[in-house]
Amino acid sequence: MDQYEHSNHADETNDVEKYGQRDGKEVETHWSEILEKNMSMKEPLLRKRTNMTSQIAVIGSNVSPIESLDYEIVENELFKQDWRSRKKVQIFQYIFLKWALVLLIGLGTGLVGFFNNIGVENIAGFKLLLTGDLMSEKKYFQAFVAYAGCNIGLAILAGALCAFIAPAAAGSGIPEVKAYLNGVDAPSILAPSTLFVKIFGSIFGVSAGFVVGKEGPMVHTGACIANLLGQGGSRKYHLTWKWLRFFKNDRDRRDLITCGAAAGVAAAFRAPVGGVLFALEEAASWWRSALLWRTFFTTAVVAIVLRALIQYCWSGKCGLFGQGGLIMYDVSSAEATYGGADILAVLFMGIIGGIFGSIYNYLIDKVLRIYGLINEKGAHFRLLLVICISILTTACSFGLPWFVKCTACPENLKDTCPTDGDSGNYKSFSCKEGYYNDLASLFLNTNDDAIRNLFSTSTEKEFQISSLLIFFSAIYCLGIITYGIAIPAGLFIPVILAGATYGRLVGRLFESVSALDTGLFSLLGAASLLGGTMRMTVSLCVILLELTNDLLLLPLVMLVLLISKTVADCFNKGVYDLIVKLKGLPYLEAHAEPYMRNLVSGDVVSGPLVSFAGIEKVENIVHALKTTGHNGFPVIDEPPFSEAPELCGLVLKSHLLVLLKAKYFSKERVLTGTDILEQFSPSDFAKPGSGKGLKLEDITFEDEELEMYIDLHPITNASPYTVVETMSLAKAAMLFRQLGLRHMCVVPKSQGRPPIVGILTRHDFMPEHILGLYPHIKPHK
């Protein structure tokens, strides 16, 4: 085994990919050493994060080791032989199975989305009906006990599932899916247990009255379903499908998970086109036309499934669920005519939305840091935090309506006033006959029904300005402090609720000079706050139009989104980008940092470099695998197998382990590649699912075997992506991201030197690593 040391910057302690040689004791304490050296990862909440490694991140509530994904096609001799030997039937089978899988992803995600709706509407509906019945009988204390008991009980169920079974299911999951599609693999983020907790935890959490949505978790749910199908099931839970062996690689799984994320949005918002655009604009880091067709097909299947099931529920067979159609918040009945005064109001809302959105993101960042300290203490503390937030939310939603005056029911109403049932615009609460409590109509409803009430048209005076101010303040604050506790929690619905409330307030302020309905102002307010927090434009615009069925409002929605995003970008990043950074996930941005243009690729290469000969001694390979954390090794041919040392390619650790386990060794240092090609098939080197996979500890060696040789040529990727050492680091970073690489070989510019300078991995492009090497560089603010 040959070693070439790049001595300019030896950064052995920063990256698992870059670890030099260590003895056995150091290997055993590998991760504990990293965690001790990165205490800021354990305490990211009270000080500025100074994470100096991209190999650990906060997943759920734990600090976990992470790896990069292999999106590159490994073009070794085995792969080439397989593709040359494939018949048209096998190629057709591959294409057919891929389309069949996206069909199954659409069906599965649509069914889960429908199940979520049924669960939330029936559980929350029962709770609200029980509370309303007791209130109508003037049993106020019993009503509060019943309401609080249901909320806290459901909160404990949701919190216990997250805290004890799958901590990775907490939050919306969109940042984790976004990081995965960028090439970051973290433990358990797409595991079957995470899927289970995401579904049921979301139902219990939303039903418990928390200011969260089930829409964000649906994106994570769709990705989990896609991952489960794409990896051929789960060996741990004895669910495997051998016929899915074609997709045992990260490249195909990435496509399927992108389809799953799009399907999740389509199922959550009943917005199939919006789902495709969300995956394109926000989730995916890599896109192509074939993927566009598949995501569109997947979301179309979701829409068909939801439509069919909702029609089935119209007959009353689904309990309290089933009112309304595929359009969730239809405002098309209002006339969307607007003039100069309305444009000014939209400009005002866009600016306000951008300011409120940036403040929202800033406060969520601070709250997550504080909650991190609590979550570190253990599962019981996480559950206790959930209970505390549940008590606070219950006290606000039941207590605040007592502070507003009852309002007389409007005349000539089509709806019943006060409302008789679990939902509606006119909740009686404690009011006498003929009066309603407008604040209770917002608080004592499901979040979806509260949004419907705010979006309702031709009801200008339905809500008092004081009630809207109280509701906005409460929802804005509760949304911030609820995100980060150990329950599946989406950000879309809290933001829509808060935005719709101040949108309605603006509508009341401009009602004397505006021709727009206050319900449409509410929609524009929701759009402005969404733009200020999420920083998406095209996908949000289409999602809102599909949600509300009002195409005539398209120009104003586009305008308010553009303004709010522009204003908010002046202060901080989007909420998902902030969460990705806070968790320490090594996300590669779509653009290079300005200071990267002043550096070249060779400036950030770490050493020492470990390489193998084309025909290597088994002992050397085993020693390298034991003493390093590398996942890829350069293979260098030397005389007599080549005239001079030359780079043969790159071999992966996982492929080496397969070859070592088969023990296809030779006593002499000779080429045995042809025989190896006959002994193995590409499926032998397929990546395992979310399980452990093959480890070096699983293989035992005799002393005489360690002295033998193994030919690495058949499994060596003979065409790895390479860059010259003088290439701009900014250009190398863009190539690395756009090609979805895990390893990039850096070769020397001049001859007469070793054929490879080093290997660039994701870590080498992270600001923490670069600024650690060059502390005098000032990052761009």
Side-chain angles (χ1 to χ4, degrees), residues 6 8-9 11 14-18 49 51-55 57 66-73 175 178-185 250-251 254 281-288 573-574 576-578 580-581 583-607 609 630-632 634 650 717 719-749 756-781:
H6 184 70
N8 289 345
H9 304 291
D11 188 18
N14 281 348
D15 192 352
V16 171
E17 297 277 355
K18 301 296 181 190
R49 179 183 292 277
N51 178 25
M52 291 303 295
T53 177
S54 59
Q55 289 300 115
I66 59 172
E67 297 284 353
S68 293
L69 296 167
D70 290 312
Y71 288 155
E72 180 185 359
I73 295 176
K178 185 176 178 178
Y180 183 94
L181 295 176
N182 189 256
V184 179
D185 190 17
D250 291 328
R251 193 180 183 88
R254 172 186 60 186
E281 183 179 3
E282 181 66 14
S285 297
W286 187 84
W287 199 262
R288 59 196 172 98
K573 291 186 176 182
Y576 296 130
D577 293 323
L578 289 175
V580 165
K581 184 177 180 182
K583 287 178 175 288
L585 295 167
Y587 184 86
L588 288 175
E589 297 290 348
H591 60 276
E593 295 292 340
Y595 59 79
M596 289 186 177
R597 303 193 182 281
N598 300 321
L599 299 170
V600 295
S601 300
D603 289 336
V604 297
V605 171
S606 304
L609 176 69
H630 295 49
N631 283 288
L650 195 74
N717 180 6
S719 55
Y721 286 97
T722 60
V723 296
V724 69
E725 61 183 334
T726 55
M727 176 183 278
S728 161
L729 186 61
K731 188 181 289 187
M734 290 300 92
L735 281 173
F736 194 92
R737 184 187 192 273
Q738 290 167 9
L739 295 171
L741 302 182
R742 185 174 189 178
H743 306 98
M744 178 182 277
C745 298
V746 180
V747 296
K749 185 179 181 180
I756 182 168
V757 174
I759 294 179
L760 290 176
T761 63
R762 177 175 295 266
H763 163 74
D764 296 305
F765 298 105
M766 291 294 109
E768 296 85 359
H769 171 64
I770 299 170
L771 298 176
L773 294 175
Y774 302 97
H776 63 278
I777 293 178
K778 294 183 179 180
H780 178 69
K781 296 290 184 182

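Contact of the Val724 side chain with the Ser601 side chain is not registered, since no non-hydrogen atoms from C-beta on lie closer than 4.5 Å. When side chains are defined from C-beta on, Met727 does not count as touching Met744, because their heavy atoms never get closer than 4.5 Å. The shortest distance between side-chain heavy atoms of Tyr595 and Pro767 falls below 4.5 Å.
When all heavy atoms of Met734 and Ala592 are compared, the closest pair comes out as CE-N, 3.4 Å. Closest approach of Gly632 to Leu650, counting heavy atoms only: C-CD1, 4.3 Å. Taking both residues in full, the closest heavy atoms of Leu735 and Val723 are given as CD1-CG1, 4.3 Å, listed atom of the first, atom of the second, then distance. When all heavy atoms of Ile756 and Leu609 are compared, the pair lying nearest together is CG2-CD2, 3.7 Å. Between Tyr71 and Asp250, the closest heavy-atom pair is CE2-O, 3.4 Å. The two residues Lys178 and Glu282 come nearest to each other via the heavy atoms NZ-OE2, 3.1 Å.
Under the side chain to side chain donor-acceptor pair (under 3.5 Å) criterion, Asn182 pairs with Ser285, Arg762, not counting sequence neighbours.
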- Item | Steps toward side-chain contact (heavy atoms from CB on, under 4.5 Å) verdict (Asp764, Phe736) | CA-CA 11 Å; Asp764 296 305; Phe736 194 92; over 6 Å; no

- Yes or no on side-chain contact (heavy atoms from CB on, under 4.5 Å) for Ile770 and Leu729, after CA distance, side-chain angles and deciding distance? CA-CA 10 Å; Ile770 299 170; Leu729 186 61; 3.7 Å; yes

- Show your working on side-chain contact (heavy atoms from CB on, under 4.5 Å) between Asn631 and Arg742 and close with a plain yes or no. CA-CA 9 Å; Asn631 283 288; Arg742 185 174 189 178; 3.0 Å; yes

- Message: With side-chain contact (heavy atoms from CB on, under 4.5 Å) as the criterion, how do Leu588 and Met766 come out once you've worked through the C-alpha distance, each side chain's angles and the decisive distance to 0.1 Å?
- Response: CA-CA 8 Å; Leu588 288 175; Met766 291 294 109; 3.4 Å; yes

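Looking only at distances, a side-chain donor or acceptor of Tyr774 sits under 3.5 Å from a matching main-chain atom of Asp603. With Glu67 contributing its side chain and Asp185 its backbone, the two residues share no donor-acceptor pair below 3.5 Å. Looking at His769, its side chain does come within 3.5 Å of a backbone N or O of Val604 through a donor-acceptor pair.
Rounded to the nearest 0.5 Å, atoms NZ (Lys731) and CE (Met596) are 15.0 Å apart. Glu768 CD to His763 NE2: the interatomic distance, rounded to the nearest 0.5 Å, is 9.0 Å. Rounded to the nearest 0.5 angstrom, His743 NE2 and Thr722 OG1 are separated by 15.0 Å. Atoms OH and CZ, on Tyr180 and Arg254 in that order, are 10.0 Å from each other to the nearest 0.5 Å. In this structure, Thr761 OG1 and His630 NE2 are separated by 9.5 Å, a value rounded to the nearest 0.5 Å.
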